[in-house]
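Contents: one structure, followed by commentary.
Heads up: numbering here begins at 1 and tracks the sequence. Because only heavy atoms are used, hydrogens play no part in the values below, and waters and symmetry mates are left out as well, while side chains stay in. Both counts, for ligands and for their atoms, begin at 1 and track the order of listing.
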Amino acid sequence: MAMKLKNKTIIITGASSGIGAAAASLFAKSGANVVLGARREAQLEEIVGQIKHRNGHAVSLAGDVADEAYACALVQLAEKSFGGLDGAFNNAGFTGDMGSIEDMESDNWQKVIAVNLNSGFFAAKFQIPALRKRGGGSIVFTASFVGHTVGLPGMGAYAAAKSGLIGMTQVLAAEHGSENIRVNALLPGGTMTPMAGDDANFHEVIKGLHALKRMAEPTEIAAAAQFLLSDDASFVTGSAMLADGGNSISKF
Ligand code: NAD
(Lines give C-alpha, C1' and ligand atoms only; values in the text may rest on other atoms or scores of the structure.)
Protein backbone atom coordinates (compact mmCIF):
# COMPACT_ATOMS: atom_id res chain seq x y z
CA MET A 1 0.00 0.00 0.00
CA ALA A 2 1.37 3.43 -0.99
CA MET A 3 1.94 5.64 2.06
CA LYS A 4 -0.11 8.52 0.65
CA LEU A 5 -0.63 10.13 4.05
CA LYS A 6 2.70 9.31 5.69
CA ASN A 7 3.19 11.21 8.95
CA LYS A 8 0.15 13.39 8.39
CA THR A 9 -2.08 13.84 11.42
CA ILE A 10 -5.73 13.79 10.38
CA ILE A 11 -8.98 14.22 12.31
CA ILE A 12 -11.84 11.99 11.10
CA THR A 13 -15.35 12.53 12.46
CA GLY A 14 -18.14 10.01 12.13
CA ALA A 15 -15.36 7.45 12.52
CA SER A 16 -17.42 4.89 14.45
CA SER A 17 -19.15 3.46 11.38
CA GLY A 18 -19.65 3.58 7.63
CA ILE A 19 -17.51 5.92 5.55
CA GLY A 20 -15.66 7.36 8.57
CA ALA A 21 -14.68 3.93 9.91
CA ALA A 22 -13.45 2.91 6.45
CA ALA A 23 -11.45 6.15 6.28
CA ALA A 24 -9.90 5.52 9.70
CA SER A 25 -8.62 2.15 8.57
CA LEU A 26 -7.48 3.33 5.12
CA PHE A 27 -5.74 6.51 6.29
CA ALA A 28 -3.92 4.64 9.08
CA LYS A 29 -2.73 2.03 6.57
CA SER A 30 -1.53 4.91 4.40
CA GLY A 31 0.70 6.17 7.20
CA ALA A 32 -1.50 8.81 8.86
CA ASN A 33 -1.83 9.41 12.58
CA VAL A 34 -5.61 9.43 12.93
CA VAL A 35 -7.67 11.27 15.53
CA LEU A 36 -11.10 9.69 15.58
CA GLY A 37 -14.34 11.35 16.64
CA ALA A 38 -17.99 10.22 16.89
CA ARG A 39 -20.49 9.77 19.68
CA ARG A 40 -20.03 6.07 20.48
CA GLU A 41 -16.95 5.64 22.64
CA ALA A 42 -16.83 1.83 22.63
CA GLN A 43 -16.89 1.62 18.82
CA LEU A 44 -14.17 4.26 18.55
CA GLU A 45 -11.97 2.42 21.05
CA GLU A 46 -12.41 -0.81 19.12
CA ILE A 47 -11.28 0.85 15.88
CA VAL A 48 -8.32 2.46 17.64
CA GLY A 49 -7.39 -1.00 18.98
CA GLN A 50 -7.55 -2.53 15.48
CA ILE A 51 -5.31 0.19 14.05
CA LYS A 52 -2.78 -0.13 16.87
CA HIS A 53 -2.79 -3.90 16.42
CA ARG A 54 -1.52 -3.24 12.88
CA ASN A 55 1.17 -0.91 14.30
CA GLY A 56 -0.74 2.17 13.20
CA HIS A 57 -1.22 5.37 15.19
CA ALA A 58 -4.68 6.34 16.44
CA VAL A 59 -6.42 8.10 19.31
CA SER A 60 -10.08 8.88 19.85
CA LEU A 61 -12.42 11.16 21.73
CA ALA A 62 -16.19 10.66 21.86
CA GLY A 63 -18.49 13.67 21.56
CA ASP A 64 -21.14 15.50 19.59
CA VAL A 65 -19.95 17.41 16.50
CA ALA A 66 -22.71 19.96 17.08
CA ASP A 67 -20.85 20.99 20.24
CA GLU A 68 -18.30 23.76 19.65
CA ALA A 69 -16.13 22.66 22.58
CA TYR A 70 -15.84 19.17 21.07
CA ALA A 71 -14.44 20.58 17.80
CA CYS A 72 -11.81 22.43 19.84
CA ALA A 73 -11.01 19.33 21.93
CA LEU A 74 -10.36 17.19 18.83
CA VAL A 75 -7.79 19.69 17.55
CA GLN A 76 -6.17 19.86 20.99
CA LEU A 77 -6.02 16.06 21.08
CA ALA A 78 -4.28 15.99 17.68
CA GLU A 79 -1.72 18.54 18.83
CA LYS A 80 -1.12 16.85 22.20
CA SER A 81 -0.89 13.31 20.76
CA PHE A 82 0.97 13.93 17.51
CA GLY A 83 2.40 17.46 17.68
CA GLY A 84 0.07 19.19 15.22
CA LEU A 85 -2.67 18.85 12.62
CA ASP A 86 -2.29 18.34 8.84
CA GLY A 87 -5.82 17.56 7.75
CA ALA A 88 -9.41 16.80 8.67
CA PHE A 89 -12.17 14.68 7.20
CA ASN A 90 -15.26 16.34 8.69
CA ASN A 91 -17.60 13.52 7.85
CA ALA A 92 -20.11 12.97 10.68
CA GLY A 93 -23.68 13.49 9.61
CA PHE A 94 -27.24 12.23 9.75
CA THR A 95 -30.37 12.65 7.71
CA GLY A 96 -32.85 13.45 10.48
CA ASP A 97 -36.52 12.62 10.04
CA MET A 98 -37.73 12.41 6.45
CA GLY A 99 -40.70 14.61 5.61
CA SER A 100 -41.88 17.50 3.51
CA ILE A 101 -40.89 21.00 4.56
CA GLU A 102 -44.47 21.96 5.38
CA ASP A 103 -44.80 19.00 7.74
CA MET A 104 -41.34 19.22 9.27
CA GLU A 105 -40.98 19.95 12.98
CA SER A 106 -38.69 22.93 13.48
CA ASP A 107 -36.83 20.90 16.09
CA ASN A 108 -35.86 18.39 13.39
CA TRP A 109 -34.75 21.21 11.07
CA GLN A 110 -32.55 22.73 13.81
CA LYS A 111 -30.98 19.41 14.72
CA VAL A 112 -30.15 18.45 11.12
CA ILE A 113 -28.60 21.86 10.50
CA ALA A 114 -26.66 21.68 13.80
CA VAL A 115 -25.13 18.26 13.16
CA ASN A 116 -24.46 18.61 9.42
CA LEU A 117 -23.70 22.31 8.99
CA ASN A 118 -22.94 24.05 12.30
CA SER A 119 -20.46 21.23 12.93
CA GLY A 120 -18.56 22.30 9.81
CA PHE A 121 -18.30 25.87 11.05
CA PHE A 122 -17.01 24.73 14.46
CA ALA A 123 -14.56 22.32 12.85
CA ALA A 124 -13.08 24.92 10.49
CA LYS A 125 -12.90 27.54 13.23
CA PHE A 126 -10.44 25.42 15.22
CA GLN A 127 -8.79 23.45 12.42
CA ILE A 128 -7.69 26.44 10.30
CA PRO A 129 -5.38 27.95 12.98
CA ALA A 130 -3.88 24.52 13.65
CA LEU A 131 -3.19 23.94 9.93
CA ARG A 132 -1.70 27.41 9.66
CA LYS A 133 0.82 26.52 12.37
CA ARG A 134 1.95 23.59 10.15
CA GLY A 135 2.33 25.80 7.07
CA GLY A 136 -0.73 24.36 5.32
CA GLY A 137 -3.01 21.36 5.11
CA SER A 138 -6.27 20.00 3.75
CA ILE A 139 -9.86 19.99 5.00
CA VAL A 140 -12.59 17.80 3.50
CA PHE A 141 -16.29 18.08 4.35
CA THR A 142 -18.65 15.25 3.51
CA ALA A 143 -21.57 16.83 1.66
CA SER A 144 -23.93 14.92 -0.65
CA PHE A 145 -25.42 14.78 -4.13
CA VAL A 146 -28.64 15.57 -2.24
CA GLY A 147 -29.03 19.33 -2.33
CA HIS A 148 -26.41 19.78 -5.07
CA THR A 149 -27.48 17.88 -8.17
CA VAL A 150 -30.61 16.10 -6.95
CA GLY A 151 -33.64 17.33 -4.99
CA LEU A 152 -34.84 14.29 -3.10
CA PRO A 153 -38.34 14.78 -1.65
CA GLY A 154 -38.40 14.59 2.14
CA MET A 155 -34.80 15.69 2.63
CA GLY A 156 -35.13 19.48 2.78
CA ALA A 157 -33.17 20.08 5.98
CA TYR A 158 -30.42 17.64 4.99
CA ALA A 159 -30.15 19.19 1.51
CA ALA A 160 -29.94 22.69 2.98
CA ALA A 161 -27.22 21.65 5.41
CA LYS A 162 -25.14 19.75 2.87
CA SER A 163 -25.31 22.46 0.21
CA GLY A 164 -24.46 24.98 2.94
CA LEU A 165 -21.24 23.04 3.50
CA ILE A 166 -20.38 23.45 -0.18
CA GLY A 167 -20.84 27.23 0.04
CA MET A 168 -18.67 27.40 3.14
CA THR A 169 -16.06 25.20 1.45
CA GLN A 170 -15.72 27.72 -1.39
CA VAL A 171 -15.31 30.64 1.00
CA LEU A 172 -12.78 28.82 3.18
CA ALA A 173 -10.79 27.79 0.10
CA ALA A 174 -10.68 31.40 -1.09
CA GLU A 175 -9.82 32.75 2.36
CA HIS A 176 -6.95 30.34 3.02
CA GLY A 177 -5.55 29.31 -0.36
CA SER A 178 -2.63 31.70 -0.01
CA GLU A 179 -1.72 29.91 3.24
CA ASN A 180 -1.48 26.56 1.44
CA ILE A 181 -4.67 25.36 3.11
CA ARG A 182 -6.92 23.50 0.70
CA VAL A 183 -10.63 22.98 1.43
CA ASN A 184 -12.92 20.67 -0.54
CA ALA A 185 -16.36 19.08 -0.28
CA LEU A 186 -16.81 15.40 -1.12
CA LEU A 187 -20.20 14.36 -2.48
CA PRO A 188 -20.80 10.61 -2.14
CA GLY A 189 -23.55 8.78 -3.95
CA GLY A 190 -25.62 6.12 -2.22
CA THR A 191 -23.22 4.18 -0.01
CA MET A 192 -23.74 0.88 1.82
CA THR A 193 -23.51 2.10 5.40
CA PRO A 194 -25.86 1.97 8.39
CA MET A 195 -27.28 5.30 7.13
CA ALA A 196 -28.63 3.49 4.06
CA GLY A 197 -30.55 1.04 6.27
CA ASP A 198 -30.97 -2.67 5.56
CA ASP A 199 -34.06 -2.74 3.34
CA ALA A 200 -33.01 -4.69 0.23
CA ASN A 201 -35.92 -3.29 -1.84
CA PHE A 202 -34.88 0.26 -0.99
CA HIS A 203 -31.28 -0.56 -1.93
CA GLU A 204 -32.45 -1.83 -5.34
CA VAL A 205 -34.26 1.47 -5.99
CA ILE A 206 -31.21 3.47 -4.94
CA LYS A 207 -28.86 1.36 -7.06
CA GLY A 208 -31.03 2.14 -10.10
CA LEU A 209 -30.44 5.88 -9.64
CA HIS A 210 -26.72 5.44 -10.34
CA ALA A 211 -25.09 5.08 -13.76
CA LEU A 212 -23.02 2.25 -12.26
CA LYS A 213 -26.26 0.53 -11.12
CA ARG A 214 -24.87 -0.18 -7.68
CA MET A 215 -24.19 1.59 -4.40
CA ALA A 216 -20.68 2.47 -3.21
CA GLU A 217 -18.73 0.53 -0.65
CA PRO A 218 -17.56 2.81 2.19
CA THR A 219 -13.93 2.17 1.19
CA GLU A 220 -14.58 3.71 -2.24
CA ILE A 221 -15.68 7.00 -0.64
CA ALA A 222 -12.81 6.82 1.85
CA ALA A 223 -10.41 6.50 -1.10
CA ALA A 224 -11.82 9.68 -2.65
CA ALA A 225 -11.38 11.49 0.68
CA GLN A 226 -7.83 10.20 0.91
CA PHE A 227 -7.07 11.68 -2.52
CA LEU A 228 -8.32 15.11 -1.40
CA LEU A 229 -6.30 14.93 1.83
CA SER A 230 -3.12 13.74 0.11
CA ASP A 231 -0.52 15.71 -1.81
CA ASP A 232 -1.86 14.10 -5.01
CA ALA A 233 -4.61 16.74 -4.79
CA SER A 234 -2.14 19.60 -4.32
CA PHE A 235 -3.92 21.80 -6.92
CA VAL A 236 -7.46 20.87 -5.92
CA THR A 237 -9.28 23.35 -3.71
CA GLY A 238 -12.77 24.81 -3.45
CA SER A 239 -14.23 21.85 -5.29
CA ALA A 240 -17.46 19.93 -4.78
CA MET A 241 -16.09 16.57 -5.85
CA LEU A 242 -18.64 13.98 -6.88
CA ALA A 243 -17.94 10.35 -6.01
CA ASP A 244 -21.51 9.41 -6.82
CA GLY A 245 -21.35 6.52 -9.27
CA GLY A 246 -22.92 8.75 -11.92
CA ASN A 247 -26.01 9.36 -9.80
CA SER A 248 -26.11 12.99 -10.87
CA ILE A 249 -25.97 12.36 -14.61
CA SER A 250 -28.10 9.21 -14.80
CA LYS A 251 -31.72 9.37 -15.93
CA PHE A 252 -32.30 5.69 -16.85
P1 NAD B 1 -23.16 6.25 9.24
O2 NAD B 1 -24.46 6.44 9.91
O3 NAD B 1 -22.58 4.89 9.11
O4 NAD B 1 -22.04 7.15 9.92
C5 NAD B 1 -22.31 8.43 10.44
C6 NAD B 1 -21.27 8.71 11.47
O7 NAD B 1 -21.49 10.03 11.99
C8 NAD B 1 -21.33 7.75 12.66
O9 NAD B 1 -20.02 7.52 13.12
C10 NAD B 1 -22.12 8.55 13.69
O11 NAD B 1 -21.82 8.15 15.00
C12 NAD B 1 -21.58 9.94 13.39
N13 NAD B 1 -22.44 10.98 13.91
C14 NAD B 1 -23.74 11.23 13.60
N15 NAD B 1 -24.19 12.28 14.30
C16 NAD B 1 -23.16 12.70 15.09
C17 NAD B 1 -23.00 13.71 16.03
N18 NAD B 1 -24.00 14.54 16.34
N19 NAD B 1 -21.80 13.85 16.65
C20 NAD B 1 -20.77 13.01 16.36
N21 NAD B 1 -20.86 12.03 15.45
C22 NAD B 1 -22.05 11.86 14.84
O23 NAD B 1 -23.34 6.91 7.80
P24 NAD B 1 -22.32 7.21 6.61
O25 NAD B 1 -23.04 6.87 5.37
O26 NAD B 1 -20.98 6.63 6.85
O27 NAD B 1 -22.25 8.80 6.71
C28 NAD B 1 -21.05 9.54 6.65
C29 NAD B 1 -21.31 10.85 5.94
O30 NAD B 1 -21.62 10.58 4.57
C31 NAD B 1 -22.49 11.64 6.50
O32 NAD B 1 -22.12 13.01 6.57
C33 NAD B 1 -23.57 11.42 5.48
O34 NAD B 1 -24.50 12.48 5.48
C35 NAD B 1 -22.76 11.34 4.21
N36 NAD B 1 -23.40 10.68 3.06
C37 NAD B 1 -23.81 9.39 3.15
C38 NAD B 1 -24.41 8.79 2.04
C39 NAD B 1 -24.90 7.36 2.08
O40 NAD B 1 -25.62 6.93 1.14
N41 NAD B 1 -24.54 6.57 3.08
C42 NAD B 1 -24.56 9.52 0.85
C43 NAD B 1 -24.11 10.84 0.79
C44 NAD B 1 -23.53 11.40 1.91
Side-chain angles (χ1 to χ4, degrees), residues 11-26 34-48 60-71 73-74 88-98 108 110-123 140-150 152 155 157-166 169 185-199 202-203 205-207 209-210 212 214-225 228 240-248:
I11 291 171
I12 304 168
T13 65
S16 64
S17 78
I19 294 166
S25 174
L26 178 67
V34 292
V35 178
L36 309 183
R39 285 163 307 177
R40 290 169 291 176
E41 193 168 5
Q43 276 90 339
L44 287 176
E45 281 176 5
E46 195 182 326
I47 293 168
V48 166
S60 67
L61 180 67
D64 186 337
V65 292
D67 173 7
E68 181 167 357
Y70 179 56
L74 282 173
F89 183 29
N90 297 309
N91 165 74
F94 89 128
T95 56
D97 297 336
M98 302 280 285
N108 181 63
Q110 302 288 3
K111 195 153 182 240
V112 172
I113 297 293
V115 172
N116 293 292
L117 180 58
N118 295 358
S119 63
F121 161 59
F122 298 143
V140 177
F141 295 103
T142 305
S144 177
F145 64 95
V146 178
H148 186 64
T149 55
V150 178
L152 273 188
M155 302 195 79
Y158 183 77
K162 293 299 194 183
S163 63
L165 281 177
I166 295 170
T169 292
L186 175 60
L187 283 55
T191 308
M192 285 296 234
T193 68
M195 181 179 281
D198 53 11
D199 180 341
F202 176 70
H203 290 164
V205 172
I206 298 295
K207 285 177 190 176
L209 300 176
H210 297 73
L212 294 177
R214 65 178 180 85
M215 291 172 71
E217 292 301 323
T219 49
E220 295 179 282
I221 307 304
L228 291 171
M241 191 177 102
L242 290 167
D244 75 344
N247 177 317
S248 302

Please check whether Val65 reaches ligand 1 - meaning an N/O of the residue sits under 3.5 Å from an N/O of the ligand, judged on distance alone. yes
If you take the nearest heavy atom of each of Asn90, Thr193, Ile221, Leu187, which one is closest to atom 41 (N) of ligand 1? Thr193
Within the structure provided, determine whether His203 and Met215 are in side-chain contact (heavy-atom separation under 4.5 Å). yes
Residue, atom and distance of the protein heavy atom nearest atom 14 (C) of ligand 1 read Arg39 NH2, 3.3 Å
Does at least one non-hydrogen atom of Ala22 fall below 4.0 angstrom from an atom of ligand 1? no
Do the non-hydrogen side-chain atoms of Asp244 and Leu187 ever get within less than 4.5 Å of each other? no
Can you check whether Met195 reaches Thr95 side chain to side chain, under 4.5 Å on heavy atoms? yes
Any atom of ligand 1 sitting under 4.0 Å from a heavy atom of Tyr70? no
Say whether Gly63 and ligand 1 are in contact under the criterion: heavy-atom distance to a ligand atom below 4.0 Å. yes
Assess whether atom CG of Asp199 is packed by more than 12 heavy atoms of other residues, nucleotides or ligands within 6.0 Å. yes
So which heavy atom in the protein is nearest atom 28 (C) of ligand 1, and how far is it from that ligand atom? Asn91 OD1, 3.4 Å
Non-hydrogen atom of Gly189 closer than 4.0 Å to ligand 1: yes
For atom 27 (O) of ligand 1, which protein heavy atom lies nearest, and how many Å away is it? Met195 CE, 3.9 Å
Heavy atom of Thr13, distance to ligand 1 below 4.0 Å: no
Is the shortest distance from a heavy atom of Pro194 to ligand 1 less than 4.0 Å? yes
Give the numbers and elements of all ligand 1 atoms closer than 4.0 Å to a heavy atom of Ala143. 44 (C)
Taking the side chain as every heavy atom from C-beta outward, state whether Val65 and Phe122 have any pair of such atoms under 4.5 Å apart. no
Among Ala92, Gly93, Ala66, Ala23, which one has a heavy atom closest to atom 5 (C) of ligand 1? Gly93
For atom 43 (C) of ligand 1, what is the closest protein heavy atom, and at what distance to 0.1 Å? Pro188 O, 3.4 Å
Closest non-hydrogen atom pair, Lys162 against Val146: CB-O, 4.0 Å
Does CZ in Phe202 sit with more than 12 non-hydrogen atoms of other residues, nucleotides or ligands closer than 6.0 Å? no
For Gly190, is the nearest heavy atom under 4.0 Å from an atom of ligand 1? yes
Contacting atoms of ligand 1, where contact means under 4.0 angstrom from a heavy atom of Asp64: 17 (C), 18 (N), 19 (N)
Non-hydrogen atom of Lys162 closer than 4.0 Å to ligand 1: yes
Do any nitrogen or oxygen atoms of Ser144 lie less than 3.5 angstrom from nitrogen or oxygen atoms of ligand 1? no
Can you tell if the side chain of Thr13 reaches within under 4.5 Å of the side chain of Ser119, non-hydrogen atoms only? no
Is the shortest side-chain heavy-atom distance between Phe141 and Ile166 below 4.5 Å? no
Please could you name the atoms of ligand 1 that Gly18 approaches to less than 4.0 Å, counting only its heavy atoms? 3 (O), 26 (O)
For the residue pair Arg40 and Ser17, establish whether any side-chain heavy-atom pair is separated by less than 4.5 Å. yes
Identify, by atom number and element, the atoms of ligand 1 in contact range of Ser16, meaning under 4.0 Å from any of its heavy atoms. 8 (C), 9 (O), 11 (O)
Write out the residue and atom name of the closest protein heavy atom to atom 12 (C) of ligand 1, then the distance separating them to 0.1 Å. Gly14 CA, 3.7 Å
Under 4.0 Å between heavy atoms, the region of Val115 that gets near ligand 1 turns out to be side chain
Is there a side-chain contact between Thr219 and Leu26, using heavy atoms and a 4.5 Å cut-off? no
If you count the atoms of ligand 1 from 1 in the order shown, which ones are under 4.0 Å from a heavy atom of Tyr158? 33 (C), 34 (O), 35 (C), 36 (N), 44 (C)
So for Ala196 against ligand 1, with non-hydrogen atoms under 4.0 Å, the contacting part is neither
